[in-house]
2 protein chains.
Amino acid sequence: MGIAETADEQLSIGEVAERTGLSVHALRFYEREGLLVGRVRRTSGGRRRYTPFDVDWLLICVKLRESGMPLADLKQFAELVRQGPGNEAERLELLDVHRQRVDAQIRALEECRSVIAWKVGVYAEHLARGEAGGLWDPTA
Amino acid sequence: MGIAETADEQLSIGEVAERTGLSVHALRFYEREGLLVGRVRRTSGGRRRYTPFDVDWLLICVKLRESGMPLADLKQFAELVRQGPGNEAERLELLDVHRQRVDAQIRALEECRSVIAWKVGVYAEHLARGEAGGLWDPTA
DNA sequence: GCTTGATCTAGACCTCACTCCAGCTCGTAG
DNA sequence: CTACGAGCTGGAGTGAGGTCTAGATCAAGC
């Protein structure tokens, strides 16, 4: 608590959890799954010490996951980065494909939203008029 | 094949699957889980016959699911409708809460999109300039 | 030194939303 | 009549994405 953040501070797993919104369980899980770019350094006592690098990467991961990128793709991306320079075109492709999926997802959600809004309108109107008729009452 | 659609046509499970995009497995599963409003009628031989009513309901269900409503909520909604008139306010509430979640989801996705787009831009620029430097290469 | 709380490991377990299977029946085309 | 595909049931299995447990260790404060 109250630890200064001097830019290249090493963080404990708990602190990283706090900053990324991932649970400590999830952080260890991601590491086991090879989703991190470099292996995490450890203290002499074996505790993980994350660099701001790791945290930045994790923050990107969180955004990608949040938008539905599967862990497998994340892992592939991490592997590309791990391989070092030279495959930027592949990384770009991976991200761009995902961006298109996100766009499609947004469009789909907007359509859902409008269907739901329409139905909400139906009920709202029904309520405003008082009990008019058994709205969709197949028991009738 | 080539069956006419005379508005109150009874449909087989396969036809409903086709029209809703749900698998026949999913349709039976939804029924077992109590997600349908009325019980599905059967032929003398025990085959399901869906009414256009059922199909409309399922189409709404699909939109709700697509936008992330859990099956449990869908079930609750179905129960409210099954109970008949009188609880429209509750139904409205349920839908409206969901609509708000969808709105939040859209906003979150838009934020993800912009993060991704930014990263895509970073790579694109890097590629346009030729190999400038090890973009995020922690092995260095 | 002792207590307390954060971390460690390996591995079991969980939820969700289906999906598939075995073994049977139905119904239509030839 | 025979074939064959579509449908039936109950229950087991799947895959993604974590979450939790047990039992031990580490590190900081008193």
Side-chain angles (χ1 to χ4, degrees), chain A residues 1-4 9-36 39-50 54-55 58 61-78 98 101 105 112, chain B residues 1-4 9-36 39-51 54-55 58 60-78 98 101 105 112:
Chain A
M1 255 203 191
I3 297 166
E9 180 89 47
Q10 307 275 298
L11 301 168
S12 73
I13 195 167
E15 291 164 329
V16 173
E18 218 174 302
R19 276 161 182 72
T20 58
L22 295 164
S23 69
V24 297
H25 298 298
L27 284 169
R28 290 193 281 244
F29 171 70
Y30 277 23
E31 185 180 339
R32 273 208 298 283
E33 294 295 295
L35 267 53
L36 298 185
R39 19 214 149 318
V40 181
R41 312 182 128 278
R42 303 293 183 113
T43 63
S44 53
R47 272 86 198 285
R48 292 172 179 81
R49 303 270 81 193
Y50 294 84
D54 295 324
V55 176
L58 283 166
C61 285
V62 164
K63 284 301 176 195
L64 292 172
R65 279 289 307 124
E66 230 175 76
S67 52
M69 183 182 279
L71 293 189
D73 290 16
L74 226 40
K75 182 174 180 173
Q76 200 191 329
F77 190 23
H98 182 63
R101 283 195 304 249
Q105 224 183 130
C112 293
Chain B
M1 262 209 184
I3 297 166
E9 180 89 45
Q10 306 276 298
L11 301 167
S12 73
I13 195 168
E15 291 164 329
V16 174
E18 218 173 302
R19 277 163 182 71
T20 58
L22 295 164
S23 69
V24 297
H25 297 299
L27 284 168
R28 289 193 281 246
F29 171 71
Y30 277 24
E31 186 179 339
R32 272 208 297 285
E33 295 294 296
L35 268 52
L36 298 184
R39 17 211 151 318
V40 181
R41 311 183 129 277
R42 303 294 183 111
T43 62
S44 52
R47 271 89 197 283
R48 292 172 178 82
R49 304 271 80 194
Y50 293 85
T51 63
D54 295 324
V55 176
L58 283 166
I60 295 281
C61 286
V62 164
K63 285 300 174 196
L64 292 172
R65 279 290 305 125
E66 230 174 77
S67 51
M69 183 182 280
L71 292 189
D73 289 17
L74 225 41
K75 181 174 181 174
Q76 200 190 330
F77 189 24
H98 183 62
R101 281 196 304 248
Q105 223 181 130
C112 294

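So you know, we letter chains A, B, ... as the sequences are listed, proteins then strands, and number each from 1.
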ask   = With no hydrogens and no angle check, is any side-chain donor or acceptor of A/E33 less than 3.5 Å from a backbone partner on A/K75?
value = no
Terminal contacting nucleotides, 5' and 3', DNA chain D versus chain B (heavy atom, 4.0 Å) = D/dA6 to D/dG11
Note: A/E31-A/R28 ion pair, threshold 4.0 Å (strictly below) = no
inquiry  = Need one value for B/R42: base, sugar-phosphate or nothing, where a base atom within 4.0 Å counts as base even if backbone is also close, heavy atoms only.
reply    = sugar-phosphate
key: Residue pair B/L36, B/L58: steps toward the side chain to side chain contact (heavy atoms under 4.5 Å, CB included) verdict   = CA-CA 8 Å; B/L36 298 184; B/L58 283 166; 3.6 Å; yes
task = Given side chain to side chain contact (heavy atoms under 4.5 Å, CB included), test B/V16 with B/L27 step by step and report yes or no.
result = CA-CA 8 Å; B/V16 174; B/L27 284 168; 3.8 Å; yes
message = Closest-nucleotide mapping onto DNA chain C: is B/G68 or B/T43 further toward the 5' terminus? I mean the 5' end.
response = B/G68
note = At a 4.0 Å cut-off to heavy atoms of chain B, the contacted part of DNA chain C spans C/dA17 to C/dG27
request  = Identify the two heavy atoms, one from A/S67 and one from A/H98, that lie closest to each other, and give their separation to 0.1 Å.
outcome  = OG-NE2, 2.9 Å
DNA chain D: 5'-proximal contact among B/R32 and B/S12 (nearest heavy atom) = B/S12
ask   = Under the criterion side-chain contact (heavy atoms from CB on, under 4.5 Å), which of A/R47, A/R49, A/E18, A/R48 is the partner of A/S12?
value = A/R49
task = By nearest nucleotide on DNA chain D, pick out whichever of A/G46 and A/A26 is the more 5' one.
result = A/A26
inquiry  = I want to confirm an ordering. Mapping B/H25 and B/M69 to their closest nucleotides on DNA chain C, which one lands closer to the 5' end?
reply    = B/M69
ask   = With side chains defined as the heavy atoms from C-beta onward, is the minimum distance between B/R19 and B/Y50 less than 4.5 Å?
value = no
ask   = Contact class for A/R28 (heavy atom, under 4.0 Å): base, sugar-phosphate, or nothing?
value = base
query = Looking at side-chain heavy atoms only, is the closest gap between B/L71 and B/F29 below 4.5 Å?
reply = yes
